[in-house]
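To start, the structure itself, in structure tokens.
These numbers come from a predicted model, not from an experiment.
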Amino acid sequence: MLEKGLSARSAATVAAGNTAAAMGSGDLAVFATPAMVALMENAAMTAVAGELPEGATTVGSEMNVTHIKPSGLGAEITATAVLAEVEGRKLTFNVGARDAEGIGEGIHVRYIVDREKFMAKVK
């Protein structure tokens, strides 16, 4: 059952492939904002995955985050997501990311969808 407070974590190490320079979101060898966002989304998806009906998944629809501190190569990043609100199929999460210190936080919205129906819409 989907209830407020469900949570999960996702982790990554800053490496050449997830830097701003490699992902095209900047030109420095620091953890890219798109990589941080993906890690937050993964934590949110994981937080509720075990409570969804058969054949369902969640898809991201909104992300509002701040990325306030750079993290260099080798830094260990952990993203967390906590389910804050359930409104029918709409799930709202508080998300955050940190290395040794906080690096980002925000709000993420996902929707519960039927996998087959959703993929049938893809052209």
Side-chain angles (χ1 to χ4, degrees):
M1 180 174 198
L2 291 171
E3 295 182 1
K4 291 180 185 181
L6 288 173
S7 66
R9 295 174 185 255
S10 293
T13 301
V14 181
N18 60 14
T19 64
M23 296 187 82
S25 64
D27 59 5
L28 299 173
V30 295
F31 194 53
T33 300
M36 181 188 76
V37 167
L39 204 60
M40 290 171 164
E41 281 200 274
N42 183 268
M45 176 192 71
T46 302
V48 297
E51 302 298 324
L52 297 174
E54 182 75 27
T57 190
T58 59
V59 294
S61 68
E62 183 179 337
M63 181 66 84
N64 183 358
V65 297
T66 60
H67 190 174
I68 58 172
K69 179 191 166 298
S71 301
L73 293 172
E76 297 291 328
I77 310 296
T78 302
T80 57
V82 179
L83 183 58
E85 196 168 333
V86 179
E87 298 174 71
R89 296 184 317 113
K90 180 181 178 184
L91 308 176
T92 303
F93 297 85
N94 293 324
V95 293
R98 44 186 315 110
D99 52 15
E101 304 172 25
I103 65 168
E105 62 184 19
I107 303 293
H108 176 44
V109 175
R110 299 185 72 78
Y111 282 86
I112 300 168
V113 299
D114 178 274
R115 290 174 184 272
E116 287 185 23
K117 289 179 183 175
F118 186 85
M119 291 307 295
K121 296 176 184 177
V122 177
K123 305 234 182 228

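Within the 4.5 Å cutoff, the side chain of Phe93 has heavy atoms near those of the Val48 side chain. Contact check for Lys69 versus Asp99: side-chain heavy atoms found under the 4.5 Å cut-off. Ile77 has its side chain within reach of Ser71: a pair of non-hydrogen atoms, C-beta onward, lies under 4.5 Å apart. Residues Leu2 and Leu52 form a side-chain contact, since some pair of their non-hydrogen atoms from C-beta on lies under 4.5 Å apart. Side-chain contact between Val30 and Val14 is absent, with no heavy atoms from C-beta onward closer than 4.5 Å. Looking only at side-chain heavy atoms (C-beta outward), Val86 and Glu3 stay at 4.5 Å or farther from each other.
Judged purely by atom type and a 3.5 angstrom limit, Arg89 uses its side chain to pair as donor or acceptor with the backbone of Ile112.
Here the CD1 atom belonging to Ile107 is positioned 9.0 Å from the CD atom belonging to Glu62, to the nearest 0.5 angstrom. Taking CG of Asp114 as the start and CD of Glu54 as the end, the distance is 10.5 Å to the nearest 0.5 Å. Annotation: the span from Leu91 atom CG to Ser61 atom OG amounts to 9.5 Å, rounded to 0.5 Å. Going from atom OG1 of Thr66 over to atom CG of Asn64 covers 8.5 Å, rounded to the nearest 0.5 Å. Atom-to-atom distance recorded for Tyr111:OH and Thr58:OG1 is 12.5 Å, nearest 0.5 angstrom. With rounding to the nearest 0.5 Å, the separation of CG in Leu39 from CZ in Arg9 is 11.5 Å.
Under a hydrophobic-cluster definition in which Ile, Leu, Val, Met, Phe, Trp and Tyr are linked whenever side-chain heavy atoms come within less than 4.5 Å, directly or via other members, Phe31 and Val65 are assigned to the same cluster. Met45 and Leu83 fall into different hydrophobic clusters, defined by Ile, Leu, Val, Met, Phe, Trp and Tyr side-chain heavy atoms under 4.5 Å apart, directly or through other members.
Taking the charged nitrogens against the carboxylate oxygens, Glu41 and Arg110 do have a contact shorter than 4.0 Å, which makes a salt bridge.
Between Ala43 and Ala81, the shortest heavy-atom contact is C-CB, 3.6 Å. The shortest non-hydrogen separation linking Thr33 to Ser25 is N-OG, 4.3 Å. Residues Ala44 and His108 approach most closely at CB-CD2, 3.6 Å, considering heavy atoms. Contact between Met23 and Ala32 at its shortest, heavy atoms only, is SD-CB, 3.6 Å. Considering all non-hydrogen atoms of both residues, Leu73 and Ala15 come closest at CD2-C, 3.6 Å. Residue Arg115 comes nearest to Ala56 through the heavy atom pair NE-O, 3.6 Å, listed as atom of the first residue, atom of the second, then distance.
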- Test side-chain contact (heavy atoms from CB on, under 4.5 Å) on Thr13 and Glu76 and set out the steps. CA-CA 5 Å; Thr13 301; Glu76 297 291 328; 2.8 Å; yes
- After noting the C-alpha distance and the side-chain angles of Thr80 and Val95, does the key distance pass the side-chain contact (heavy atoms from CB on, under 4.5 Å) rule? CA-CA 6 Å; Thr80 57; Val95 293; over 6 Å; no
- Task: Give the C-alpha distance, both sets of side-chain angles, the deciding distance and a yes or no for side-chain contact (heavy atoms from CB on, under 4.5 Å) between Thr57 and Val113.
- Result: CA-CA 6 Å; Thr57 190; Val113 299; 3.8 Å; yes
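Other residues, nucleotides and ligands contribute at most 12 non-hydrogen atoms within 6.0 Å of the CD atom of Glu116.
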